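Since we're looking at a predicted model, the values are computed, not measured. Values below: every heavy atom of this structure, side chains too, minus hydrogens, waters and symmetry copies. Lettering follows sequence order; numbering is per chain, from 1.
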Amino acid sequence: METIKLTIDNKEIDVPKGTTIYKAAKELGIDIPTLCYMDLHDMNIENKPAGCRICVAEVSGRRNLAPTCSTNCEQGMVVKTHTPRVLNARRTVMEFILSDHPKDCLICAKSGNCELQAMAHRLGIREIPGAEYAEVSTYREDTSPSIIRDLDKCIMCRRCEMMCNEVQTVGALSAVNRGFMATVAPAFEQNLEHSTCTYCGQCVAVCPTGALTEVNHVPSVLRALVDPSKTVVVQTAPAVRVALGEEFGLEPGTIVTGKMTAALRALGFDYVFDTDFAADLTIMEEGTEFLERLTRYLKGDKNARIPILTSCCPGWVNFFEHYFPDLKDVPSTAKSPQQMFGAIAKTYFADKIGVNRKDMVVVSIMPCLAKKYECQRDEFSVDGNPDVDFSISTRELANFIKQANIDISNLHDEEFDSPLGESTGAGVIFGATGGVIEAACRTAYELYTGKKLQRLDFTELRGMEGVRSATIDFDGLPLNIGIAHGLGNARKLLNDVRSGKSQFHAIEVMACPGGCIGGGGQPLLHGNSEILKARATAIYEEDRKKPLRKSHENPFIIKLYEEFLGKPNSEKAHHLLHTHYFNKQSKVIIKQ
Amino acid sequence: MSKYNRHLLVCGGTGCHASESDSIVCNLRDELEAKDLADSVQVIITGCFGFCGKGPIVKVMPDNTFYVEVKPDDAKEIIEEHIIKGRKVTRLLYKDPLSNQPIPDSAAISQFRKQLRIVLRNCGFINPENIDEYIAREGYQALGKVLTEMTPEEVIKEVKDSGQRGRGGAGFSTGLKWELARRNQSDEKYVVCNADEGDPGAFMDRSVLEGDPHSVLEAMAICGFSIGASNGLIYIRAEYPLAIERLKIAINQAREYGLLGSDILGTGFNFDIKLRYGAGAFVCGEETALIHSMEGLRGEPTVKPPFPAEAGYRGKPTNVNNVETFAAIPAIILKGAKWFSSIGTEKSKGTKVFALAGKINNVGLIEVPMGTTLREVIFEIGGGIRNGKKFKGIQTGGPSGGCLSDKHLDTPIDFDNLLAAGSIMGSGAMIVLDEDDCMVSMAKFFLEFTVEESCGKCAPCRIGNKRLHELLGQICEGKGSLEDLDRLRNMSIVIKDTALCGLGQTSPNPVLSMLDNYYDEYVAHVTDKKCPAGQCRSLMEYVINAENCVGCTACARVCPVNAISGERKEVHLINPAICIKCGACMEKCKFDAIFIR
């Protein structure tokens, strides 16, 4: 590997060939400001269109200033990052960007969490010359079930386009128009609802400004909480408890399960339950379904659909409904844990406490934006009453807690309520990529072989590579498992399934890089992928600490079947806990 | 042996074409048929002569008679009087603008005398739709020489030694560019001809493609041989339908003759050319944006390095050259590097084609050796300023260039001199401005173009140019201040310094050069709130001269905003606060009582 020696701000450094000036500077402790640049190093995702021109520096031999994020180091290069020429250029360019941006920081959803705001502060901008007559590019606002697009605030960083096209391969967003009115939008500037958008929310997760934000359902939740006629039930996804603390200044990877539960109770929820319970339930249903298919398949039944695909991720469900509707019968018919929870809460639990389902409001706290869309799907309601009424993201919950004057770090840990609050470690690991299939393996192994598992930690299924595979020995039967996170990686596996080349028996797909811990509703990474790793570590730690780690050992799950469902895949279980999928391929509408 | 004793060359360039030159051709041919002369007099449609301000052009050979502004009905007279009776049609001859005398021999026309036509060597002489005529004028001989007598390295050396620099605007050494493409190993390489010609007012490339398309095809094949490419692509703007048609015909004819395709001239060399169309974006003339447009992506530039020679079309080594650059290559190969480098200045060799436009008498296309002065171009070749007005400036390089004033008139034109003077060579558009042109408005006009054409990717160009344009607008409306002139300068310098591609890096050039060369005019706009050239409407005042006004009320009645007051037979008054400066009153007044100050 060839080494390059160069000088940055009078400091010398040796770097491997192919290193950019920005990265070399970082190693020297020189923090060159950037706006459009984003490097999610551990996910192999890098965005460097070199469009914002904030990271420019003087480079020897170049007539103009060079963008350090996308300029490779060369032998003997001399770089200066803060000469008066550079500082003046950076300030003037920043003034340009701000001159074409709405001035409503005070009421913007991103205030305090906005990279543009932070940069303006860092660069000491005090005025925008010519603001009195400066034209501002304005666009129609678009509100979809999950995502709000306010393109007036777009700074053309192209991160959302990159995520949507290259990482997710959904292609709902791309640069449109030319020049001053250029922005990033769906084709023909249609609404997201009429595009192939899966609502995975990765665009929101990377947007540096308030151009892309989530729909805020907290007001609806608040209205339900203060309505005396309503019994408000809340469920929390596993990925939330390892990230919520970040919004309160705690280290990434701090587990705040007990404090979160206490906060939710303090907010006024009547019952604080755990989505992990429903995750255990999902394993029961999906695991049974899988084994049934597998058994038929191994006997030579040509109609048995193998591989089975997990179906708990609504962004992923949307994706295959749009792009692989011909494979509609391949995913598991099991609903997601969120929806299973809602279905059970408004039947089994509502009966138990004598509440009419119309008077019960089920709220979910999710790391996800697609869940907002999922709970609105027509098939997930009974006579117009949805199984899950509202889904709010980790970020919304944090804000809600702050509005209620609660300081989460000082709360004492509390426990979830029964019976829908007890879960095993298998339920927790749903939050990380590889977790769903690992949980499934723990149960499937014991159900299939009839033997006790010696090793509960299937570490071969864990990790951050986009496409992973492993073969698990089911007492002589080699079970091939495929895992993908990020829809672009899922597409690769699906193409193989479509062409018949796939060797897998089961495939787990999560739409978000890292799995749910990297969901569109989580505290923003601002380009730091180390946070994802910390959250994943926390998930597996929570699993290890649990007394019960296999879904089929959850006593409340056992009770649920005994009292109510009968057995997995029973008629009642099918009715409440299973679903079917739709062909969305032709549903891209171009409206005038 | 030709059986024709006379040739009638009719210009078929787009300009003359639009003025019915093809009808002239038809009528001439009909007349000759009727007079039984079709076997001895040939009518040929050629490419652009370059004398566009005086088209349609008909040139009679061999006596070099140059007829201008010919109409289809003149055909009969030309045949009867000139061809049959031997008497030139005096009224159609070009008249010298100073002496007003008709000039019978085109060699004596000042427009042509100082020109040295290398790139345009065949334009106006051959029928571009006939490959035999191209071959008859040494066409494809250079390709033959290259394929049978030279190695790729020798070809590259010849082009390098000639000193030719790219004619698209950047002026990079052609030979060096080819050498860099050759050096990069790859199974697939591409030769791309940039025929996007986006500069407004520029039509050099169009004239070459319409008038001598084979010169470009031959040059691309030569380039392919030297860099190791067998694929050629011509990216041509869709707004050039005639050029596209002539290229298609030329490519087909070359393929028929085995001069394009596989095993050219039996040497085993394969090279073929395809056309790709632009979709109306100036920015796609930038080589990386051009390449991405061809790849089906959004036509946006990307960061260089890597340069196309290393990773271009589809990630393969690609050489992109301008039409004019290519058109000179066959001549360089045949006549040699020494010949080419004997023309021009020390660092800018050869000739350059310019499109002369604006307030000049002889509007059109010219080709002159590098080193010709601006004075020679404007006053000798260009025939001086129209209507006897005073020269004020010449904008070179289109919206990416600067405006040079009379202190630059004796500058020998070449890449480095123009750069030092605050402008650029650009593609060759030259717009002449006179005393009636406001230099603030002109800068604003150029910014309008670049604001419209910016791709929008980088902040300084997308937003910065818009702000420059807005500020110039404020100044033109009398709302500017002295500090604003400093702002103009700073914004321009920063945009130039930080923009991602050549469009943004040069779009502030008009502003900076205007500030340098016409600062007083800018000060007048902001301090005195006056427009010395009389062009900025907001700074003009329409005034009624009390001595001449008879109170006829005609002006008051025609004023659309009721800004004029006054009783019948009394002197009228225009209220400047309401007046929208439409000029209707001035047009209506029969007593010459309204003037602008």
Side-chain angles (χ1 to χ4, degrees), chain A residues 20 35-36 48-58 62-67 69-72 74 85-101 128-137 154-158 161 165 174-184, chain B residues 279-284 297-306 419 448-471 473-474 477 479-480 483-484 486-507:
Chain A
T20 59
L35 248 191
C36 65
K48 45 181 188 183
C52 72
R53 317 308 281 186
I54 293 290
C55 70
V56 292
E58 276 186 45
R62 296 240 181 160
R63 188 183 60 212
N64 296 342
L65 299 176
C69 68
S70 34
T71 306
N72 284 348
E74 274 162 43
R85 173 182 168 202
V86 174
L87 291 177
N88 176 53
R90 206 171 278 151
R91 152 165 297 117
T92 309
V93 170
M94 191 62 184
E95 284 171 2
F96 286 150
I97 299 173
L98 292 176
S99 76
D100 188 23
H101 198 83
I128 297 164
E132 319 84 62
Y133 50 82
E135 190 183 324
V136 179
S137 48
C154 174
I155 59 169
M156 286 295 271
C157 73
R158 318 297 281 274
E161 183 186 15
N165 287 334
S174 104
V176 299
N177 301 337
R178 192 165 76 196
F180 193 65
M181 293 304 289
T183 188
V184 180
Chain B
F282 173 69
V283 72
C284 285
L297 300 171
R298 189 172 146 92
E300 280 177 332
T302 41
V303 174
K304 296 193 278 197
L419 203 61
E448 243 149 54
F449 179 79
T450 36
V451 164
E452 175 75 27
E453 296 293 333
S454 165
C455 75
K457 182 169 174 181
C458 76
C461 180
R462 176 179 79 244
I463 311 172
N465 282 337
K466 183 83 172 167
R467 300 299 170 229
L468 268 186
H469 179 251
E470 264 167 13
L471 188 46
Q474 291 284 307
E477 282 176 29
K479 297 181 190 160
E483 288 80 49
D484 285 332
D486 291 331
R487 260 193 71 213
L488 273 181
R489 184 173 285 280
N490 182 53
M491 286 202 288
S492 299
I493 291 171
V494 171
I495 294 168
K496 269 179 77 78
D497 211 9
T498 55
L500 196 153
C501 84
L503 192 157
Q505 286 160 10
T506 57
S507 55

Rounded distance [0.5 Å steps], OH in Tyr133(A) versus CZ in Arg467(B): 9.0 Å
Greatest number of heavy atom pairs closer than 4.5 Å to chain A - which of Ile493(B), Asp484(B), Ile463(B): Ile463(B)
Pick from Asp497(B), Leu471(B), Asn490(B) with the largest number of heavy-atom pairs that fall under 4.5 Å of chain A: Asp497(B)
Contact winner vs chain B - Ala89(A), Ser99(A), Ala50(A), heavy-atom pairs under 4.5 Å: Ser99(A)
Residue pairs fulfilling salt bridge (charged side-chain N to carboxylate O under 4.0 Å, His left out) with at least one residue in residues 453-465 of chain B, sequence neighbours excluded: Arg178(A)-Glu453(B)
Partners meeting salt bridge (charged side-chain N to carboxylate O under 4.0 Å, His left out) with Glu300(B) (sequence neighbours left out): Arg158(A), Arg298(B)
Part of Ile495(B) within contact of chain A (heavy atom distance under 4.5 Å): side chain
Top contributor to chain B interface from Ala66(A), Pro49(A), Cys52(A), Ser174(A) [non-hydrogen pairs under 4.5 Å]: Pro49(A)
Nearest heavy atoms of Gly456(B) and Met156(A), plus distance in Å: O-CE, 3.6 Å
Nearest atoms (heavy-atom pairs only) where Cys455(B) meets Ala182(A): O-CB, 4.0 Å
Shortest non-hydrogen contact from Arg53(A) toward Ala499(B): NH2-O, 3.5 Å
Structural part of Lys479(B) lying under 4.5 Å from a heavy atom of chain A: neither
Interchain contact, Gln474(B) with chain A, by part (heavy-atom threshold 4.5 Å): side chain
Chain B contact via Asn177(A) - which portion, at a heavy-atom distance below 4.5 Å: backbone
Contact summary for Ala459(B) and Ile97(A), nearest pair of heavy atoms: CB-CG1, 3.6 Å
Least distance between heavy atoms, Ala134(A) atom then Glu470(B) atom: CA-OE1, 3.3 Å
Pairs of heavy atoms under 4.5 Å with chain B: top-ranked of Gly130(A), Ser70(A), Cys36(A): Gly130(A)
Point-to-point distance, once rounded to the nearest 0.5 Å, from CZ of Phe96(A) to SG of Cys461(B): 10.5 Å
Pick from Arg85(A), Arg63(A), Met181(A), Glu95(A) with the largest number of heavy-atom pairs that fall under 4.5 Å of chain B: Arg85(A)
For the student: nearest non-hydrogen atoms of Asn64(A) and Lys496(B), plus distance: ND2-O, 3.5 Å
OG1-CE distance between Thr92(A) and Met491(B), expressed to the nearest 0.5 angstrom: 9.0 Å
Portion of Val176(A) that has a non-hydrogen atom of chain B nearer than 4.5 angstrom: backbone
Engaged part of Ala281(B) at the chain A interface, taking heavy atoms whose separation is under 4.5 Å: both
